[in-house]
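Scroll down for the structure; my scribbles are underneath it.
Side chains included, hydrogens not; waters and symmetry mates left out as well; all remaining heavy atoms used. Please read all numbers here as calculations on a predicted model, not as lab measurements. For ligands, and for the atoms within them, numbers begin at 1 and follow the listed sequence.
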Amino acid sequence: MQKVRKAIFPVGGLGTRFLPATKAMPKEMLPVVDKPLIQYAFEEARAAGIEQFIFITGRNKNVLNNHFDHSYELQKLLSEKEKKDLLALTRDWLPEAGQIAFIRQQEALGLGHAVWCARHFIGDEPFAVLLADEMILSPKPFLKEMVEAYGKKKASIVGVAEVAKEKINQYGIIDAEKEQDGLMKIKGMVEKPAPGQAPSNLSIIGRYILEPEIIPYLDKMLHVKSSGGEIQLTDAMAEMVKKKPFYAMKLKGKRYDCGSRKGFLEANIAFALARADMKNDVREMIMEFAAEF
Ligand code: G1P
């Protein structure tokens, strides 16, 4: 059984849900508290044991490459001034040389297409997919739990969480059997179902462990423009579910959809409250706001 060593980060999207902030800046560089979304996702993957990080980028995304590189001028200045803590924030978390790769997705054709663009890097190994605009706060690192479950089941797994009825049409929704040993066997899934047509309220939350067999299913989807006119990963997974065991793991924690303005604000507050150095100030600030409005 192969270990999950590779992670794909689709970051080629145009960020239309977050204009004007994302006009010239990739949405994955939006900061939650003081760290860009993409760095949280990268650190989450590394904590789950991932060794190779593959970014699927597009035009106007070069700042993402730069974020994962040295910033010599800044580092020189901080080291001369002996600002050790700040220096650490610029470089101590960087991947090792050779651990990170960037693949150009020339057209933003959808999540399914983005994953397909990584096919030569994926080869015949299982891999993780992380959508950086979904942030997770959970007692146990969720992707790590998914990787461990893959080790036992040797089958693809998607992370899911319950969503409110009115948000069901914004996500991939699964149809699954009852939970057993922390996993639900998936019977089917559908991308952004119309109201009243969803098989459940369990939404896919941007964390996937996929077997390489997904690639031929994506090949078949390349000419199928589905939900939103895009090539959807969910469509390929829905076909694979018919032939291979596929599981869902329910998040025991909170997810913040930073693709929406409200989710982004929530994430900023939640992540600030989770930090020992900010908790008290932020709590006080919220109390003041609550009293005022
Ligand atoms: C994508 C997936 C969807 C999933 C969602 C999670 O949608 O296609 O299945 O539920 O991410 O955030 P997007 O947000 O790119 O429209």
Centroid separation F55 to F68 less than 6.0 Å:
yes
When you measure from the side chain of R91 to the backbone N and O of A88, does any donor-acceptor pair fall under 3.5 Å?
no
Is there a donor-acceptor contact under 3.5 Å from the side chain of R46 to the main chain of W93?
yes
Looking only at protein heavy atoms, which one is nearest to atom 10 (O) of ligand 1, and how far off is it?
I204 O, 2.7 Å
Within the side chain of Q99, is there an N or O that forms a donor-acceptor pair under 3.5 Å with the backbone of E96?
yes
If we only consider heavy atoms of R17, is any one of them less than 4.0 Å away from an atom in ligand 1?
yes
Looking only at heavy atoms of D257, does any of them come nearer than 4.0 Å to an atom of ligand 1?
no
Assess R261 against F18: is NZ or CZ under 6.0 Å from the centre of the six-membered ring, and within 45 degrees of the ring's axis?
yes
Ligand 1 versus M189: contacting region, heavy-atom distance under 4.0 Å:
neither
One residue to check: D133. Relative to ligand 1, which of side chain, backbone, both or neither has a non-hydrogen atom less than 4.0 Å away?
neither
Between the main-chain N or O of Q75 and the side-chain N or O of T90, is there a donor-acceptor pair closer than 3.5 Å?
no
Numbered in order shown, the ligand 1 atoms found under 4.0 Å of a heavy atom of L131 are 1 (C), 11 (O)
Looking only at the aromatic ring of each residue, does the gap between the centers of F53 and F42 stay below 6.0 angstrom?
yes
Decide whether a cation-pi geometry holds between K35 and Y40; the criteria are a distance under 6.0 Å from NZ or CZ to the six-membered ring centre and an angle within 45° of the ring axis.
yes
To the nearest 0.1 Å, how far is atom 8 (O) of ligand 1 from its closest protein heavy atom, and which atom is that?
E191 OE2, 2.7 Å
Closer than 4.0 Å: a protein non-hydrogen atom to atom 15 (O) of ligand 1
no
Looking only at non-hydrogen atoms, which of Q232, K192, M237 approaches atom 7 (O) of ligand 1 most closely?
K192
Do Y171 and ligand 1 have an N or O pair less than 3.5 Å apart?
no
Examine K76 relative to Y72 and say whether NZ or CZ is less than 6.0 Å from the centre of the six-membered ring and inside a 45° cone about the ring axis.
no
For atom 6 (C) of ligand 1, what's the nearest protein heavy atom and its distance?
E134 OE2, 3.0 Å
Hey, is T234 one of the residues with a heavy atom under 4.0 angstrom from ligand 1?
yes
Give the numbers and elements of all ligand 1 atoms closer than 4.0 Å to a heavy atom of G172.
3 (C), 4 (C), 9 (O), 10 (O)
Test of proximity, G206 against ligand 1: N or O pairs below 3.5 Å
no
